[in-house]
Amino acid sequence: MRFIVTLILWLLPQVLVSQTWEDQQFFNEGPSKQVLRIISSTDTALFAPIIESFVAQTPNISVEYLVTGTADIDLRFRENPETFDLVISSAMDLQFKAANDGLARRLPNIVHPAWAQWRQSLFAFTSEPAAIVINRDAFAGHPIPNTRQELIQAMRARPEIFRGRIGTYDVRQSGLGYLFATQDARASETYWRLMEVMGALELRLYCCSGEMIDDLSDGTIAVAYNVLGSYAKARVESKDKIQVVFPADFPTTMMRTAMVSSQAQHPEIAAAFIQHLITLQSLANEKPFPLPPLNSQLNEAEHATIALEPALMTFLDALKRQSFLAEWEDAVIHNN
Amino acid sequence: MFTLIGGTAILALLLFFAIRNSAVQVAQSAQDNILGASVTSILDAAVIWDGIVEIDIPYASFSMLSTPMDDRVFYAIYQDETFLSGYPDLVIAPTADREISFETTKYQGQFVRVTTASRTLIGKDKRIQIRVALAQTQDALSGTLDQISQNAALFVTGFFALATLLSFWATSATIGQLKRLTNSVTRRGPQDLSPFEKPVPLEMLPLVVSLNSLMARLDHSLSQSEEFIAEAAHRVRTPLATVRSYAEATLQRVDKKENRQAIRSMIRAIDESSRAAGQLLDHAMITFRADHLERQDIDLVGLINELVTRLTPIAEMKDLKLQLQTDKQVPYSGDPILIQNAVRNLLDNALKYSPSDGTVDVFVTATPNIRIGVCDSGKGFPEAELDTLATRFSRGSNAEGTIGSGLGLTIAMDVAAAHGGSLQLSNRPEGGACALLLL
């Protein structure tokens, strides 16, 4: 019952404000300038420095930056590919499928390592591991879990502390949440046990990382599972309240990707932007940008990084998604 | 040679297409194998659960389709005629159960390789056919093909270049040798009948051997005829000397004027024959010595001085003055007998054609080059015949009434040629002929 209310609460604004954005910002605005439209899942605060350094070099170009969730990006972009120049998302699978479906423009002149690009049309520019983020207060006097197994044990040991105070993505709404969940499930059965334990403790489901971290900071929840560490670390004001843990058993690392729409209005500028973006992110942090850089070392060790390959489409298959979500709901919701 | 190169070119082209063709087959069958494995693994994942078809596509099914060129992947899954998932516009061909078919077609503006397979699931009360089509673009395939084609083209070009070079080499090795042989035959002097000794290819050995045997026979018969002439001249000269002495004795005893005249004519004819025989002997000797030239270091001044001294009494008999003008010393490396013989012949001519009280100048100089000159004060050479006078048995048109065989200049010229020099004939502006032996 609680779940249905939560679901309605989340779905309602989704339906009502479907044509509005989480955030909408203009950079270098001015009359008679070419406007580069970027649709992105990355928070403006994290991405603004990159856009600012770009427009500093190209004073005749202004950038419109639109933020929404990963699943929503896929929907809107597929509906009107001509209205966006650039698509930036952390949902690698959705991005991959869009590129596979021919929605991305091929940029043969951009030089990028093979593992970090697909078909010269989808370009990765960050390496970000999924993290367990915890509220320090909830673990005061107790060891901080370093693996999923330890997290399970901690939750089983003190169910009263964690009941209703565990958060994760609602994989039905969040593209990134679904990607992390499917990759976790693929890697180990531990994921399902974790979901069953969390489901029994009245798991809270979030659409987006922002609100999850908000709730974590103010103590509403004690643990957030599969959150992007970069988002948590960006919250300077709550630094001492939360702690980011990268699970030691198997880290799941995703790469944020960018592509130019095949029907982009300003394809050259968009290509220049991608070049700028991957150049900045490939540098060994010459300037302190908030986004984590593209890190090849993580990729080589243990194959932890999700690969850009056709297999990403596996869990997007309608039948497969249907059965995965059924199993997930079985574990998370029906356990409630 | 061009036939050879043309043939090579055709062979090279055939080779290229053969390599490319087999590469196409290999590469295509490699792609087909992977597509087939992938589609089979998808079909194997299909199960009926409570009358509902569930297909839990294995992660590896699509993972194995990764290519270096990042080929796009499309698929469609049908339950009987109903579309289940994937790309609904991917055309799916009907197939027999458990049979995999392959086809190249166009999808979304790109050529794709489509694999189709089906499997029948048996449910509680019905049979359900699951059909799966899996398509993949062919960028990696054509990339591989381009690479193979490039390598093949490189290989084939190398083969062609090598074959062309080889044919050039083979042709120049045989034709070149033939040309060299022709050149050395053409360049040979009339006297040179020695065998060819340059290395020749095996194939041309019989030709050269028979050429050499011809040369040897020619040389043999030539030297035989020279020997014959020398022998004949020798045999003639001795009796002639006897006849001459008899004629001289008879002349003393005959008083009748017309008889004395007849005998004088006789003596002159004998002299002429005797001289000709001598010169023929000289010539034969010179031909032999010139063929086997043996150089030794000599002083030309001493050599010519001795000759002039020897001839002075003969000159005085004809009231001629012999003047010798020389450098201090003219060292030279040559055959003294030949040179003396040549100069004696020139002096003979000069003494013969000079009028009484005339002067014959002989000079030997070392600068600007070594030369021996003999100039008389006679009528000179006929201008028109300067070039032909030195040939055997030819005499100047103005030499009527003088004894001569026409061999003198020939001997001088042969000697000069044997020493690598030449004979120059000219007329002095104040009158008289000049013969210059340039060594």
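A, B, ... follow the sequence lines: proteins, then strands. Residue 1 opens every chain.
- In this structure, A:Lys97 forms a cation-pi arrangement with B:Tyr87, its terminal cationic atom sitting closer than 6.0 Å to the ring centre and no more than 45° off the ring axis.
- From A:Phe96, atom CZ reaches atom CZ of B:Arg72 across 10.5 Å, with rounding to the nearest 0.5 Å.
- The shortest distance between side-chain heavy atoms of B:Asp70 and A:Glu309 does not fall below 4.5 Å.
- For the pair B:Asp56 and A:Lys320, the minimum side-chain heavy-atom distance is below 4.5 Å.
- Neither the backbone nor the side chain of A:Gln322 comes within contact range of chain B, judged by heavy atoms closer than 4.5 Å.
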Determine whether B:Ile57 and A:Phe315 satisfy the following criterion, side-chain contact (heavy atoms from CB on, under 4.5 Å), listing intermediate values before the conclusion.
CA-CA 8 Å; B:Ile57 301 176; A:Phe315 284 96; over 6 Å; no
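- Partners of A:Thr147 under the side chain to side chain donor-acceptor pair (under 3.5 Å) rule, at least two apart in sequence or in another chain, do not exist in this structure.
- Only the backbone of B:Pro58 comes within less than 4.5 Å of a heavy atom in chain A; its side chain stays farther off.
- Contact between A:Ala318 and B:Leu84 at its shortest, heavy atoms only, is CB-O, 4.4 Å.
- Across A:Asp317, A:Leu316, A:Leu319, the residue that shares the most heavy-atom pairs under 4.5 angstrom with chain B is A:Asp317.
- Residue-level contacts of residues 180-192 of chain A with chain B, in order of numbering, are A:Gln183, A:Arg186; threshold 4.5 Å between heavy atoms.
- Contacts between residues 124-143 of chain B and chain A, defined by a heavy-atom separation under 4.5 Å, are made by B:Thr137, B:Asp139.
- Under the 4.5 Å side-chain criterion, counting only non-hydrogen atoms from C-beta, B:Ser66 is in contact with A:Pro310.
- Few gaps surround CZ on A:Phe246; more than 12 heavy atoms of other groups in view lie less than 6.0 Å from it.
- Of the listed residues (B:Ile55, B:Thr67, B:Leu65), the greatest number of heavy-atom pairs within a distance under 4.5 Å of chain A belongs to B:Ile55.
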Given B:Tyr59 and A:Leu312, is the side-chain contact (heavy atoms from CB on, under 4.5 Å) satisfied, shown in steps?
CA-CA 8 Å; B:Tyr59 206 69; A:Leu312 282 174; 4.0 Å; yes
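- For residues 103-115 of chain B, heavy-atom neighbours of chain A at less than 4.5 Å comprise B:Gln108, B:Gln110, sorted by residue number.
- Using a 3.5 Å distance cut-off with no hydrogens or angles, the side chains of B:Glu54 and A:Ser323 do not pair a donor with an acceptor.
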